[in-house]
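Reckoned from all heavy atoms, side chains included, excluding hydrogens, waters and symmetry mates. Indexing begins at 1, ligand by ligand and atom by atom, following the structure's order.
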Amino acid sequence: MTELELMLDFHLEAKRQGPGSTDDTLKALSFMDLKQDKVLKIADIGCGSGGQTITLARKLNGEITAVDLFPQFLAKLKTKAAELGLAPKIKTLKKSMDELPFGSEEFDIIWSEGAIYIMGFEEGIKQWKKHLKVGGYLAVSEITWTTASRPAEIEEYWHNEYPEINTASAKIKILEENGFSPVGYFYLPESSWIDNYYRPMEERFEDFLIKHNYSEAAERLIENEKDEISLYQKYKDYFSYGFYIAQKLN
Ligand code: SAM
């Protein structure tokens with residue numbers, strides 16, 4: 001198995017592939033002034049196995065196109081949607097987020113939890129904007145510094161992982177400079193990291209190692225996840241996911 005296949009296998013069984021929660025998704029939605037008398041068109045980009053997609057489908061009178069590069073995640077989402085009777089509201093699309101086949105001003109909402117970093121925040125916003133109607137909403141969550149300065153160890157770690165990490169004010173400025181008006185912003189609470197992401201992940205460590213015969217690559221993957229969890233525990237006062245909600249102006 002390649003490292004990518006191992007990574008997919010590890011994350012496939014999870015309810016979420018990143019920090020977040022139903023409450024966070026609903027909170028982000030609460031900033032939008034939505035007319036629900038017509039069917040809203042929504043794109044959920046980097047949807048994973050669809051933690052947030054299901055919440056959006058339950059809450060909105062909408063037609064959701066859930067996009068991910070990996071069909072394994074989309075298959076999980078399809079099964080879940082069918083079990084919950086939500087299949088008619090969710091269409092899945094296997095595509096890369098930087099090659100979206102959508103038309104101009106097609107969507108009322110573009111949603112993306114924990115995934116825009118793959119393109120980079122600014123590039124993602126610039127490319128996705130054309131698919132959003134004027135007055136439509138963008139909702140994205142993204143790793144964010146929660147203080148103006150921080151210890152060198154965590155600064156270096158995140159700069160290596162994701163050089164675009166920045167403070168909320170810097171992210172909001174990027175939104176403003178790209179024709180968006182910010183309508184809401186909040187940080188994900190600790191429970192969205194620990195209870196919904198890291199603890200369920202830790203509970204899968206042993207089974208995963210057994211399944212993969214304690215291979216060197218599997219052990220390495222688990223060690224990397226453990227390092228990330230310890231860094232979160234040590235430095236959680238300095239970073240979180242910021243959730244940014246903004247309206248397209250022009
Ligand atoms: N939104 C989900 C959540 O919060 O649970 C998943 C977030 S996960 C951190 C990032 C997702 O982006 C994964 O599902 C991954 O498969 C997907 N992804 C990675 N590269 C991608 C690409 N180029 N285009 C679309 N999706 C991609």
**OP:** Measure across D37 and N61 and return the closest heavy-atom pair with its distance rounded to 0.1 Å.
**Re:**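 That would be C-ND2, 4.3 Å.
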
Original post:
So which heavy atom on W111 is nearest to which on A28, and how close?
Top reply: CH2-CB, 3.7 Å

Check whether NZ of the Lys or CZ of the Arg [X] lies under 6.0 Å from the centre of the six-membered ring of [Y] and within 45 degrees of that ring's axis.
| X | Y | value |
| --- | --- | --- |
| K133 | F107 | no |
| R204 | F10 | yes |
| K171 | F121 | yes |

Return the residue, atom name and 0.1 Å-rounded distance of the protein heavy atom closest to [atom].
| atom | value |
| --- | --- |
| atom 4 (O) of ligand 1 | R16 NH2, 2.9 Å |
| atom 24 (N) of ligand 1 | M97 N, 2.8 Å |
| atom 23 (N) of ligand 1 | S96 OG, 3.0 Å |
| atom 7 (C) of ligand 1 | E113 O, 3.5 Å |
| atom 21 (C) of ligand 1 | L69 CB, 3.7 Å |
| atom 3 (C) of ligand 1 | Q52 OE1, 3.4 Å |

Original post:
What part of I118, side chain, backbone, both or neither, has a heavy atom within less than 4.0 angstrom of ligand 1?
Top reply: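 Answer for I118: side chain.
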
Original post:
Hey, is C47 touching ligand 1 through its side chain, its backbone, both or neither, going by heavy atoms under 4.0 Å?
Top reply: backbone

Subject >> Atoms of ligand 1 close to F73 [distance to a heavy atom under 4.0 angstrom, numbered from 1] >> reply: 14 (O), 16 (O)

**OP:** With heavy atoms of G18 as the reference, note each atom of ligand 1 found under 4.0 Å away.
**Re:** 5 (O)

Rounded to the nearest 0.5 Å, what separation is found between the [atom1] atom of [X] and the [atom2] atom of [Y]?
| X | Y | atom1 | atom2 | result |
| --- | --- | --- | --- | --- |
| L93 | L74 | CG | CG | 8.0 Å |
| Y244 | L175 | OH | CG | 8.5 Å |
| Q72 | S49 | CD | OG | 11.5 Å |

Original post:
Can you find a non-hydrogen atom of H11 under 4.0 Å from ligand 1?
Top reply: no

Flag [X] as yes when one of its N or O atoms lies below 3.5 Å from any N or O atom of ligand 1, and as no otherwise.
| X | value |
| --- | --- |
| P19 | no |
| Q17 | yes |
| Y241 | no |
| D68 | yes |

**OP:** Verify the ring-centre separation between F243 and Y185: is it less than 6.0 angstrom?
**Re:** no

Original post:
So, do W193 and F239 have ring centers that fall under 6.0 Å from each other?
Top reply: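 Distance test on ring centres: under 6.0 Å, yes.
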
Original post:
For atom 6 (C) of ligand 1, which of G114, G51, G46, S49 has the closest heavy atom?
Top reply: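 It is G46 that holds the nearest heavy atom.
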
